[in-house]
Structures are given as C-alpha cells and as structure tokens.
*Asks:* 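Handing you a structure now.
Values reported hereafter were calculated over all heavy atoms of this structure, with side chains retained and with hydrogens, waters and symmetry mates removed. Chain letters run A, B, ... following the sequence lines, proteins first and then strands; every chain starts at 1.
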Amino acid sequence: MQIRTRFAPSPTGMLHIGGVRTALYSWLYAKKLKGQFVLRIEDTDTERSTKEATQAILDSMEWLGLTYDEGPFYQTERMERYKEVIKQLLNSGKAYRCYCSKERLDDLRSKQLANKEKPCYDGLCRKHNPDDPNQPFVVRFKNPKDGAVTFNDQVHGTITFQNSELDDLIIARSDGTPTYNFCVVVDDMDMQITHVIRGSDHINNTPRQINILNALDYTPPIYAHVPMILGSDGKKLSKRHGAVSAMQFCDEGFLPEALLNYLVRLGWAYGDQEIFSITEMANLFDIKDINKAASMVNPEKLLWLNQHYMKTKKPEEIAKYLRPHLETLNIDTSNGPELTKVIAIQAERCHTLVEIAEKSRYFYQNVSSYEEKAQKHLKAEIAPVLTEIKTELQNLANWQASEIHTIINNNAGKLGLKLGKVAQPIRVAVTGGTVSPPIDITLELIGKEQVLVRLDKALTFIYNHASV
RNA sequence: GUCCCCAUCGUCUAGUGGUCCAGGACGCCACCCUUUCACGGUGAAAACACGGGUUCGACCCCCGUUGGGGACGCCA
C-alpha cells in the first residue's frame, strides 16, 4: 500500500511547535515508508484566516526542510467540491436543513449547561424537517442515533464513542460555506490519505468524521492521535499560553536540526538514544513508539541540542545560518577573520547563533569601551608587561596562536606571574570584556594590526586613569 | 457538568510479569581539567500518584480513587 500522510494546519494564528511536531511525525512516517506527504491549508474560516499566517506555515516548513510531495492545497479553492458533496448528502437524506436561530441555540445550550448536561443540538429540525427557501438555514449532518463508533487509534488503541453522545453537527454555515469537520472528511477522502496523524485534541472529532465517511460509503483512514504538548503552565499550547511560533526559533538562532531533534524526542523514543540525524529519524521513527501522555516543553534541553549541533556540524554549514544574525547586529565580516574559524572556536561556548553573533563582535569591530567590571584589569602595574608584549608581538613575523602563546607565557614567567594574570588584561584590551576564547587564539583571529591598535589604546587608557 | 484521553526522577524518557532496592538525557550540585568563559571528564541527589485485586512474583495485567489534560462553536 502506498502510504499518504498529510499536515493540515489552519492559518488562523502562528504555527507553534505542537503543530510542527505533528508535521514532523507525518513527514517522517511518509519518508520511512516511502510514501507521500501532503500539505493542506485549512482556511475555511475566512474570518480568522490570514495571509501572514499562511506564509508563516510555508516559511516554517521550508526552514525546517519538511518538504511536501503534494500541495499546498487550499480548502477555499475547493468550495465547489464541498458544495457538491453537501448536495449529495442532502439529496440522500443523510443531512438536513436547520432553521433554528442562533438565539434558540444559545438558549438551548445555557439550559443544558444549567442542567449539568452535555450541550447538544436537540434535533428539532431533524424531526420537523421544515423547508422554507426564503429563510436562512444551515445544513446539519444526520448523525446515527444509536450504536457506537469504534476506531483503532494507532497510539491509543481502541477508542469507542456512543452515538448518543454525538449531535447533528453543522456541515454548512448559513452563508453556504462548509465547516471543518466536513471539509477534512472530503479532503482526506479525495486526497487518498491513508494515515491521519494529528493532535489528540481531535480525538473527539474522529467519531463524527467516521460517521460522515460512512454516510459517503468511504473507508476511514487509519488514525493516530499524538499527545498534546503543554506549556509550562500545564495547559494546552496556545497564543496565550507560552506558545512560541516556529519561526521565532529561527529568529532566536536555533538550527533546524536541533529543533527537529528536540521535537522528535518529545513524545517518541528509540531506547536511550538522544541524538538523531534527519535520516536516522526517518529510518527509526514509528507510530507505535509514540507515547500516550502529554509532555511539557523543556527549553534547556533544546538549548543543549542546539549547542550540540553548532559544535558538531561543519562550520561552513553553520556559517550559512549565522550570517543573517550577524547582519541584523550590523556586524560586517568582510574584514576580519574567516567566519568558519570564529564559529569553530565560539560554538562550544554558545547556545544559539544569536549568541555567537553577539559574542563575536570584537573579531570584526574595534572595541569602543571597556566593560565596567573589566576595567580593574587595566591597572598601572601591568602597563610595563603590556608594553613589552606589544613590542614582541610587533616583531612577530609568524602570527600564530602558538607563537603568541609563547610570548605571553614567557613574559608572565619572567615576572613570576600566573598566565591568567597577564592574559586577562590583554583580553580586556582586545575584546573590551573579561570573556573570550583562549587569549592566543583570540589574538590570532583578531589579527596583528588590530591587536596592536587595541593594545595601544588600552595603554593610553591606563595612563589616563592611573591613580596618583 | 457530560464524554474522551492520560499517569516512572523538576523536565523529556527506557521499561512490555522475575535480569529493576528502576536505566539514559537535560537541568541542578560537587570534584577534576583550566588562561577568563566554555568544552570535556568523574561523581552525587532525584521517580514507578494512591488503594484494591490477579499471580509463586507486579512499574509492567484488571478494577477503583485521586490528579492532570482535551472536547463539548454557523473555530480548526
């Protein structure tokens, strides 16, 4: 059997990591079984759907490399098809027109709630079957009255709903546009989706969709409901509850493979393995290994994974992702050390690309000031050593970390100082702060010319601030 | 309220009746390394929600309790 999965987000808000994970699982499953992955935009809610949100979905998929074999399909472009199926259902008596006013429905609902009942449409128009083409109406699906719907969920096992729990849902609004539960059914059918992998908040919709499918004489697909990802407050991820859009992770300097690796392990495991390349995921992933329980986001672990990928991937690769972040910080790398060399030395001390960019400014720009707490290293007593080191560096022909190290080390030794005592003032002089990679490498990368300029500047600073 | 789902360290998880006084990872703490910051290394603390069964034997199977989540829209 040819496997076909789909990701069907609605462009009514940002695409957050919960959505990204279901997309990833669907994508992985299709890849693993050499099937097809379809992207479908569920934009039937014209009130809330936006172009920006649609673009965000497309951008996220591209950034993450979740390529689709078909689509993107837009439900708004398939209206004729939905209307056709609605007519078919109406003609075969499997759906009916409902003229109940919103007021009556609201009233009904509040009464039911007050009686501690589950709010349900009472089927008034199903019984009376009025027909007045001059009045506004919605179309409701005639849900079976008795019996039960059972389906074999691939992550939860057998799930059963009594039909008595289900009411006659609206499949077409009074303006004639079809609603979600109906469009999903038609699309999954038309697009020959074999496996529906989606969030467990859709479990309750499944029996309704199966009933519609049955009314259409179509065999339902296989369902797999993946558990929710909860915000740190333990509630469903939403705009209000700490949900962060996928693209924000891009903006914050995360690598796609780090996010994907993080997400794949949230709710799925392959023994004790933590690190998975994309191809590895695709080979090892299986729906049966998805956990049942909801999970919470653990930002520290994502950070750890991001660092892992920053320091293990080829610097050339990282450079591609890093450049835009340097640009936003107005750091021009055309003059200065090769970016790949900076990455090689900075990745292990940073957690995000943004952090690398922020902490690498001094490789490409002169220091304009010294951090407050760094100034204590620029004291009169170290001026002589600094001057001596500067002279020796000036005469150094072979500008290399090892040579630089020898010079600094020798001078420290001559004065009986620990290396750190000498390294720290130099560090402040060339970086403006107290933190940097090893001093010899830092100097090598900054380059001879700039190092001498900055050493001079530091010396001037010391003379100007010498206490009397 | 009704229905549905879920329940192992703080978090993500391994575990499918005996090999578990429960393993890994992140984080946290301590120590080592050290030229600041890190990387790395070593080690420590840290969990089977509770109560009943079933069984020679339960983290694992069944029932219940409690707790959490989701759904109940002319949203998706």
*Asks:* With both distances under 3.5 Å as the test, what is the Watson-Crick or G-U wobble partner of C61(B)?
*Replies:*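 G53(B) is the nucleotide pairing with C61(B).
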*Asks:* Answer yes or no for Arg140(A) and Tyr121(A): cation-pi contact, defined as NZ/CZ to six-membered ring centre under 6.0 Å and angle to ring axis within 45°.
*Replies:*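 Yes.
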*Asks:* Checking base pairs now: Watson-Crick or wobble, both atom distances under 3.5 Å. What partners A7(B)?
*Replies:*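 Pairing partner, where one exists within any strand: U66(B).
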*Asks:* Any side-chain heavy-atom pair from Glu280(A) and Gln273(A) closer than 4.5 angstrom?
*Replies:*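 Side chain of Glu280(A) against side chain of Gln273(A), heavy atoms only: contact under 4.5 Å found.
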*Asks:* Evaluate the ring planes of Tyr25(A) and Phe285(A), with Trp represented by its six-membered ring, and classify them as parallel (under 30°), tilted (30 to 60°) or perpendicular (over 60°).
*Replies:*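 Correct class here is tilted.
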*Asks:* May I ask which nucleotide in the shown strands pairs with C72(B), Watson-Crick or G-U wobble, both distances under 3.5 Å?
*Replies:*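 Pair assignment: C72(B) / G1(B).
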*Asks:* Starting at atom NE2 of His351(A), determine the distance to atom C1' of C39(B), rounded to an integer number of angstrom.
*Replies:*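 It works out to 10 Å between those atoms.
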*Asks:* Round to a whole Å and report the spacing from CD1 of Ile159(A) to P of C5(B).
*Replies:*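 Whole-Å distance recorded here is 6 Å.
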*Asks:* Is there a side-chain polar atom (N or O) of His156(A) under 4.0 Å from OP1 or OP2 of C6(B)?
*Replies:*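 It does, given that an N or O in the side chain of His156(A) lies less than 4.0 Å from OP1 or OP2 of C6(B).
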*Asks:* Under 3.5 Å, is there an N or O donor on one side and an acceptor on the other linking the side chain of Gln112(A) and the base of G1(B)?
*Replies:*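 Under the 3.5 Å cut-off, the side chain and the base do not form any donor-acceptor pair.
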*Asks:* Parallel, tilted or perpendicular for His202(A) and Tyr180(A), by the 30°/60° rule?
*Replies:*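 Answer is tilted, since the angle falls between 30° and 60°.
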*Asks:* Can you tell whether the side chains of Asp122(A) and Arg109(A) come within less than 4.0 Å, N to carboxylate O?
*Replies:*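 Salt bridge flag = no for Arg109(A) with Asp122(A).
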*Asks:* Expected output is a numbered-order residue list: members of residues 400-416 of chain A with a heavy atom under 4.0 Å from any atom of RNA chain B. What is it?
*Replies:*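 Contacting residues: His405(A).
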*Asks:* Please classify the nucleic acid contact of Phe161(A) as base, sugar-phosphate, or nothing, using heavy-atom distances under 4.0 Å.
*Replies:*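 The residue Phe161(A) makes sugar-phosphate contact but no base contact.
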*Asks:* So for Ser295(A) and C12(B), does any side-chain atom that can act as donor or acceptor lie under 3.5 Å from a complementary atom in the base?
*Replies:*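 Flag unset: no donor-acceptor pair detected.
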*Asks:* Under 3.5 Å, is there an N or O donor on one side and an acceptor on the other linking the side chain of Arg349(A) and the base of C39(B)?
*Replies:*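 Donor-acceptor pair under 3.5 Å: no.
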*Asks:* May I ask which nucleotide in the shown strands pairs with C21(B), Watson-Crick or G-U wobble, both distances under 3.5 Å?
*Replies:*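 The base-pairing partner of C21(B), which may sit in any strand shown, does not exist here.
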*Asks:* Heavy-atom count around Lys127(A) NZ within 6.0 Å, excluding the residue itself: above 12?
*Replies:*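 More than 12 within 6.0 Å, yes.
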